[in-house]
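To keep things clear, I will list the structure first and then write my remarks on it.
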2 protein chains.
Amino acid sequence: MADTARNRKKNIRAENEALILQAAEKVFAEAGYGGATMQLIADVAGLPKANLHYYFPTKDELYRRVVETIFQIWLDAANVFENSDGPAEGIGAYIDAKMEISRRHPAGSKVWASEVMHRAPVIQEWLESTLNVWTDGRIALIESWIAEGRMDPVDPRHLLYMIWATTQHYADFGHQIETLNNGAPLDDAQWETAKTNVRRIILKGIGVSPD
Amino acid sequence: MADTARNRKKNIRAENEALILQAAEKVFAEAGYGGATMQLIADVAGLPKANLHYYFPTKDELYRRVVETIFQIWLDAANVFENSDGPAEGIGAYIDAKMEISRRHPAGSKVWASEVMHRAPVIQEWLESTLNVWTDGRIALIESWIAEGRMDPVDPRHLLYMIWATTQHYADFGHQIETLNNGAPLDDAQWETAKTNVRRIILKGIGVSPD
DNA sequence: GTCTATATTTAGATAGAC
DNA sequence: GTCTATCTAAATATAGAC
């Protein structure tokens with residue numbers, strides 16, 4: 001009985017936190033940290049402002065939680081890189097995965113971009129540790145592929161930057177892309193075209209023939 | 001005499017406006033529109049806050065002026081595209097010009113990115129007119145190169161997006177790149193490496209051999 | 001766990017002396 | 001043209017009844 005009550009409370013908490021985090025991601029993405037207000041997030045979430053402060057004591061804490069959920073998604077996508085047996089599959093799948101994230105989580109991508117542009121007040125430590133280690137590992141992997149003659153001797157670091165830049169552009173600059181598409185979001189076929197072009201140009205650019 | 005006095009006043013105005021615009025660009029880039037405060041901009045410019053309001057009545061007006069100065073720079077760079085006789089020179093020079101802008105005007109690039117991410121409240125009209133026309137013109141030019149067999153039949157639109165994304169990434173995500181470079185900004189040699197890699201991968205990726 | 005009312009701080013903007 | 005003092009609005013955050 002006590003357990004049931006406790007579980008019900010837990011569920012309410014989990015549901016409301018998820019609701020608030022979703023609204024916050026959207027508002028932080030569209031207005032930036034400084035432009036976002038607790039009132040607006042509350043309105044989007046459909047809750048009174050005081051409830052936000054009940055679940056997340058400060059705006060800063062809420063923002064931090066939003067950012068954390070994002071790089072978890074990115075880390076998951078990074079695995080396709082590891083579980084491949086060559087540049088065509090590994091880099092190709094990584095590009096596909098990143099394009100899919102841009103399509104499915106555009107708000108998250110924008111929050112990340114904004115955070116980095118503002119000198120990463122929240123994720124600086126993570127950039128220096130996790131991302132740095134991940135990048136070095138991927139660079140080593142790419143260098144081994146180059147040594148085996150499976151792709152051109154490009155600078156792996158700048159190749160990674162190009163992949164990040166190009167794939168995230170479809171989320172971060174989605175509004176510009178939409179405007180240049182007569183005000184309409186890319187449809188399924190257009191996303192497919194985008195994905196194919198990005199993958200083909202980059203793979204050919206580094207001397208890899210697609211599978 | 002009256003003329004001299006008038007000119008002196010004009011100079012003071014011009015100088016102070018330039019001083020404020022420079023400080024504002026920096027602050028808007030680092031804090032976003034919502035995070036930037038007139039007080040902070042005034043501090044960076046070394047002027048009392050009231051002076052900002054004397055030269056720029058509202059924060060909105062000041063921001064608008066900052067954004068305007070940026071796309072003038074971008075438009076100038078776009079000309080190298082036109083005055084070329086083929087994809088190797090035209091696209092190669094455009095990439096170089098955009099990389100150089102990312103290096104010299106990182107703050108401006110960030111303000112632009114932020115503006116687009118927030119659904120372009122100030123530049124929407126300009127996106128729909130000037131940028132749209134410019135893009136269509138460049139697409140037609142690239143399509144003519146493709147028809148002449150001077151490059152692969154890629155989708156010109158997504159090629160342009162890739163160039164924008166990759167070159168601007170070096171400004172917008174400069175902090176992340178710096179962090180992954182042991183906390184140091186890219187030096188001359190590293191910028192050269194970046195530029196060479198970007199140009200080479202993209203040109204090869206679209207079937208163009210460099211000059 | 002919810003929500004109205006409110007305390008407190010800080011922002012954008014202006015008045016008015018110099 | 002400069003700058004101190006100040007107004008007003010809006011933001012974060014909390015108190016306390018329910």
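Letters A, B, ... mirror the listed sequences (proteins, then strands); counts begin at 1.
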Would you indicate what A:A36 reaches in the nucleic acid, counting non-hydrogen atoms under 4.0 angstrom: base, sugar-phosphate, or nothing?
sugar-phosphate

Among the nucleotides C:dG1, C:dA15, C:dA13, whichever has the atom closest to the side chain of B:T58 is C:dA13

If you only use heavy atoms from C-beta on, which nucleotide in D:dG1, D:dT14, D:dT4 is closest to the side chain of A:A50?
D:dT14

Once you round it to whole Å, what is the distance between C1' of C:dG12 and CD1 of B:I20?
15 Å

Round to a whole Å and report the spacing from CG of A:D43 to C1' of D:dA10.
14 Å

Between A:W112 and A:W126, is the ring centre distance below 6.0 Å?
yes

Atom-to-atom span, NZ of A:K49 to C1' of C:dT4 - whole angstrom
11 Å

Ignoring the backbone of A:K59, work out which of C:dT2, D:dT12, C:dA13 is nearest its side chain.
D:dT12

Main-chain N/O of A:S109 paired to A:Q168 side chain as donor or acceptor, under 3.5 Å
no

May I have the distance from A:H53 (atom NE2) to C:dA7 (atom P), rounded to whole angstrom?
17 Å

Looking at B:N182 and B:A184, would you say the former's side chain and the latter's main chain have a donor-acceptor pair under 3.5 Å?
no

Whole angstrom is fine here: how far is it from CG in B:N51 over to P in D:dG1?
10 Å

Rounded distance in Å - OH (B:Y55) to C1' (D:dG1)
6 Å

What is the distance, rounded to the nearest whole Å, between atom CE of A:M38 and atom P of C:dT6?
21 Å

Can you tell me if A:Y54 touches the phosphate of D:dT14, counting only side-chain N or O atoms and a distance under 4.0 Å to OP1 or OP2?
no

Pair A:Y161 and A:W164, ring centroids less than 6.0 Å apart:
yes

Which whole-number value in Å describes the distance from B:Q39 CD to D:dC3 P?
13 Å

